[in-house]
A.B. asks: 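Please find one structure pasted underneath; my questions will follow.
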Amino acid sequence: MHRTLADDLSRLPELLQSVRDFAVRELGGVAERPVVHPGKAPAQDPLPVDGSGAEGALARFAERWAPGFSGSAGPRYLGFVTGGATPASVAGDWLTSAYDQNVSGAAGSWAAALERETVGWLRELFGLGEAHSGAFVTGATVSNTVGLAVAREWVGERLGVDVSRDGAAALGPVDVLSGSPHSSVAKALSVLGIGRDRLRPVPVLAGNREAVDVAQLDAALAELGGRPAIVVANAGTVNTVDFDDLRAIAALKERHDFWLHVDAAFGGFAALSPAHAHLVDGLDAADSVCVDLHKWLNVPYDAAAQFTRRRDLQTRVFHNSSPYLGLPTGDPDFLHLTPENSRRLRALPAWFSLLAYGSAGHREIVERNVALAHRLGEGIAALPGLRLSAPVRLNVVCFTLADNPTQERVAALAEAVAASGEAFLTPTLYDGTPALRAAFSNWRTSEADTDRVLATLASLSL
């Protein structure tokens, strides 16, 4: 039966109830459904000419596509660094779509003010001072890109070049130094015209570490002869959640001229736990900071925050000059601070979750996930077929096969775990050896879930 927009609008309460009931069933069963679906997806259908209405679309989705969606919001999806979505954040996300606010500016809506309030709460959560301003972006990749774009502008300021007008080529070569940078940093350098090959690796500490050797960083900066540089520090590496000594790196500014960008995509959440907050000591000294929120804050995709001390340079990079938009003011609209003009109200799910559970509730998630990572790590260390690749430092367990850990054998183990439906892990290469990662960042994960993952590994690796 052909349905029109008017038909759907007249039945909007019933339609939303149907979607609500379907979502409740899906979320209610996420803990027991197969964690991933590696099977082949359906062939693509042609575009319909006559619509079936929202109810018809829901029925078709439930029949054809929903069975193949992963349980990434569930408790045993331990691949990448993947959070779930707290009940309050789901409510906020639904309202984000319902209100459909374009948070490009403050005109005609309080939505931008709500984002500013939420950014302030996040700044407090991560121990950043008022000198840091912030905004919501889509994820860590864009957050790193924004931070490095501001850093690029700062290098230009130091060299007497207006990069936003003259272009990156006017800078000449830019040195970017880091110990164990995330892959998104190289991607950002490519996008920004600095170049992937300008990322200079600095030796890391000995003894199975991924943290930069600050003495080696000092020497590398000295070799630049006073030319301004960019240092990307890591507050939580992907493989083993190792932390650079942020305070010691910031102290190098007494002798060298550099912009300090800190990638704290998920490691920044260590600030919530008194037992682990020392790992991010010195974060406030950074010139720019990346924090990903759809990871350990457990809000729906996509959401991240970026912070910087130099909002003036950020505005110089991202401002949009147009009569109908207006010029940036002392408190610039968000369209002058991020790559986007049109912006979804990503702050609302975070606002809901922070208000619903407070800093104490989110601290409990962090501390429980850390405890569960240690629980899994201890179990893996006790299995004869597996060995830890590195100590469990926070919320990621990096491990491999005890004997002959070739890429093929480790990949086969990951595929077997996925095929079991019990868990999902992602591969990596650590210290030259293929390995697997189990990352704990979902608010639902329990001891029982962790034990199920361990039992699966035990049955497949022996």
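Atoms considered below: every heavy atom in the structure, side chains included; atoms not considered: hydrogens, waters and symmetry mates. Throughout, residue positions are numbered sequentially from 1 according to the sequence presented.
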A.B. asks: Roughly how far apart are H182 NE2 and C290 SG, rounded to 0.5 Å?
C.D. replies: 9.0 Å
A.B. asks: Between F307 and H132, what is the ring plane arrangement, given parallel below 30°, perpendicular above 60°, and tilted in between?
C.D. replies: perpendicular
A.B. asks: Between CG of L401 and CG of L383, what distance do you get to the nearest 0.5 Å?
C.D. replies: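 L401 atom CG to L383 atom CG measures 11.5 Å (nearest 0.5 Å).
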A.B. asks: Could you go through T450 and F440, starting from their C-alpha distance and side-chain angles, then the distance that decides it, and tell me whether this counts as side chain to side chain contact (heavy atoms under 4.5 Å, CB included)?
C.D. replies: CA-CA 10 Å; T450 306; F440 288 79; 3.6 Å; yes
A.B. asks: Closer than 3.5 angstrom, by distance alone: can the side chain of D213 be matched with the main-chain N or O of A215 as a donor-acceptor pair?
C.D. replies: yes
A.B. asks: Charged N to carboxylate O under 4.0 angstrom, E340 versus R346?
C.D. replies: yes
A.B. asks: Considering only heavy atoms from C-beta outward, does the side chain of F399 approach that of P405 to under 4.5 Å?
C.D. replies: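 Not touching, per the 4.5 Å side-chain cut-off.
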A.B. asks: So, T308 versus Q314: side-chain donor-acceptor pair below 3.5 Å or not?
C.D. replies: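 On atom types as modelled, these side chains do not qualify, holding no pair under 3.5 Å.
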A.B. asks: How about H362 and N298: does a side-chain donor come under 3.5 Å of a side-chain acceptor?
C.D. replies: no
A.B. asks: L413 vs R409, test: side chain to side chain contact (heavy atoms under 4.5 Å, CB included). Steps then yes/no.
C.D. replies: CA-CA 6 Å; L413 176 59; R409 296 189 71 230; over 6 Å; no
A.B. asks: Report yes if the side chains of L388 and I380 come closer than 4.5 Å at any heavy-atom pair, otherwise no.
C.D. replies: yes
A.B. asks: Specify whether F61 and F69 have parallel, tilted or perpendicular ring planes, treating 30° as the upper limit for parallel and 60° as the lower limit for perpendicular.
C.D. replies: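 Taking F69 first and then F61, their aromatic rings stand perpendicular (interplane angle over 60°).
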A.B. asks: Between T237 and E210, do the side chains contain an N or O donor and an N or O acceptor separated by less than 3.5 Å?
C.D. replies: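 Present: a donor and an acceptor within the cut-off.
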A.B. asks: When you look at CG of D403, are more than 12 heavy atoms from neighbouring residues, nucleotides or ligands closer to it than 6.0 Å?
C.D. replies: no
A.B. asks: Identify the two heavy atoms, one from R158 and one from P228, that lie closest to each other, and give their separation to 0.1 Å.
C.D. replies: CB-CG, 3.7 Å
A.B. asks: Between atom OG1 of T428 and atom CG of N239, what is the distance when rounded to the nearest 0.5 Å?
C.D. replies: 3.5 Å
A.B. asks: Side-chain donor-acceptor pair under 3.5 Å between S97 and R344, yes or no?
C.D. replies: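 Note: S97 and R344 side chains meet the donor-acceptor criterion.
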A.B. asks: Would you call E153-R310 a salt bridge at under 4.0 Å N-O?
C.D. replies: no
A.B. asks: Taking the side chain as everything from C-beta on, heavy atoms only, tell me whether D284 gets closer than 4.5 Å to R309.
C.D. replies: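 Counting from C-beta outward, D284 and R309 do come under 4.5 Å.
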A.B. asks: Could you tell me if the side chain of L293 sits less than 4.5 Å from the side chain of F269, heavy atoms only?
C.D. replies: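 With C-beta onward as the side chain, the pair touches.
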A.B. asks: When rounded to the nearest 0.5 angstrom, what is the spacing between CG in L221 and CG in D175?
C.D. replies: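 L221 atom CG to D175 atom CG measures 9.0 Å (nearest 0.5 Å).
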A.B. asks: For the pair D449 (side chain) and S446 (backbone), establish whether a donor and an acceptor sit closer than 3.5 Å, ignoring hydrogens and angles.
C.D. replies: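 Here the side-chain-to-backbone pair exists.
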A.B. asks: Are the side chains of Y77 and S70 in contact, using a 4.5 Å heavy-atom criterion?
C.D. replies: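 Of all side-chain heavy-atom pairs linking Y77 with S70, at least one is under 4.5 Å.
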A.B. asks: Which is it for F352 and L95 under the side chain to side chain contact (heavy atoms under 4.5 Å, CB included) test, yes or no, and what are the steps along the way?
C.D. replies: CA-CA 10 Å; F352 260 75; L95 288 175; 3.6 Å; yes
A.B. asks: What closest approach, in Å, do V262 and A235 show between heavy atoms, and which atom pair accounts for it?
C.D. replies: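 Between these two residues, the closest heavy atoms are CG1-CB, 3.9 Å.
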A.B. asks: What do the steps show when you test R200 against E223 for salt bridge (charged side-chain N to carboxylate O under 4.0 Å, His left out), and what is the final call?
C.D. replies: CA-CA 12 Å; R200 292 182 49 188; E223 291 175 1; 3.6 Å; yes
A.B. asks: When you measure from the side chain of S441 to the backbone N and O of T82, does any donor-acceptor pair fall under 3.5 Å?
C.D. replies: yes
A.B. asks: Would the distance check show the side chain of R123 and the main-chain N or O of S133 forming a donor-acceptor pair, the cut-off being under 3.5 Å?
C.D. replies: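 Judged by distance alone, no pair lies under 3.5 Å.
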A.B. asks: Is it true that atom CZ of R227 has more than 12 heavy atoms of other residues, nucleotides or ligands lying nearer than 6.0 Å?
C.D. replies: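 Yes, enclosed.
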A.B. asks: With distance as the sole test, does S420 use its side chain to make a donor-acceptor pair with the main-chain N or O of V417 at under 3.5 Å?
C.D. replies: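 Answer holds: yes.
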A.B. asks: Under 3.5 Å, is there a donor-acceptor pair linking the side chains of T433 and T400?
C.D. replies: no
A.B. asks: When rounded to the nearest 0.5 angstrom, what distance separates CZ in F334 from CZ in F136?
C.D. replies: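 These two atoms lie 8.5 Å from each other.
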A.B. asks: Hey, is the main chain of P67 close enough, under 3.5 Å, to the side chain of H37 for a donor-acceptor pair?
C.D. replies: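 The answer is yes, because a donor-acceptor pair under 3.5 Å joins these two groups.
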A.B. asks: Between G268 and V280, which heavy-atom pair has the shortest distance, and what is it?
C.D. replies: CA-CG1, 4.1 Å
A.B. asks: With a 3.5 Å distance limit and no angle check, can you tell me whether R255 reaches the backbone of D218 through a side-chain donor-acceptor pair?
C.D. replies: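 It does not hold such a pair.
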A.B. asks: Check A435 against C398 and note the closest heavy-atom contact, atom names and distance.
C.D. replies: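 The answer is CB-SG, 4.1 Å.
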A.B. asks: Is L125 close to L354 at the side-chain level, that is, under 4.5 Å between some pair of heavy atoms?
C.D. replies: yes
A.B. asks: Is there a donor-acceptor pair under 3.5 Å between the side chain of R198 and the backbone N or O of V174?
C.D. replies: yes
A.B. asks: Can you list everything that forms a side chain to side chain contact (heavy atoms under 4.5 Å, CB included) with V392? Sequence neighbours excluded, please.
C.D. replies: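 V392 satisfies side chain to side chain contact (heavy atoms under 4.5 Å, CB included) with A373, H374, V397 once adjacent residues are dropped.
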A.B. asks: Run N208 and Y430 through side chain to side chain contact (heavy atoms under 4.5 Å, CB included) and show every step you take.
C.D. replies: CA-CA 9 Å; N208 218 17; Y430 182 71; 3.1 Å; yes
A.B. asks: State whether the side chain of D263 and the backbone N or O of N234 hold a donor-acceptor pair below 3.5 Å, judged by distance alone.
C.D. replies: no
A.B. asks: Under the side-chain hydrogen bond (donor to acceptor under 3.5 Å, both in side chains) rule, what do W296 and N395 come out as? Steps first, then yes or no, please.
C.D. replies: CA-CA 10 Å; W296 229 346; N395 65 317; over 6 Å; no
A.B. asks: With the side chain counted from C-beta on, respond yes when F258 and L252 share a heavy-atom pair under 4.5 Å apart, and no when they do not.
C.D. replies: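 When only atoms from C-beta onward are counted, L252 and F258 do touch, with a gap below 4.5 Å.
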A.B. asks: Can you name the nearest heavy-atom pair linking S353 to T86, along with the distance?
C.D. replies: OG-OG1, 2.8 Å
A.B. asks: Can you tell me how far apart OG1 (T445) and CZ (R368) are? Round to the nearest 0.5 Å.
C.D. replies: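 The CZ atom of R368 is 7.0 Å from OG1 of T445, to the nearest 0.5 Å.
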A.B. asks: Closest heavy-atom contact between A186 and R196?
C.D. replies: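 Closest heavy-atom pair between A186 and R196: O-CG, 3.4 Å.
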A.B. asks: Is a donor on one side and an acceptor on the other found under 3.5 Å between the side chain of S178 and the backbone of V232?
C.D. replies: yes
A.B. asks: Does the side chain of D302 reach to within under 4.5 Å of the side chain of V142, using non-hydrogen atoms?
C.D. replies: no
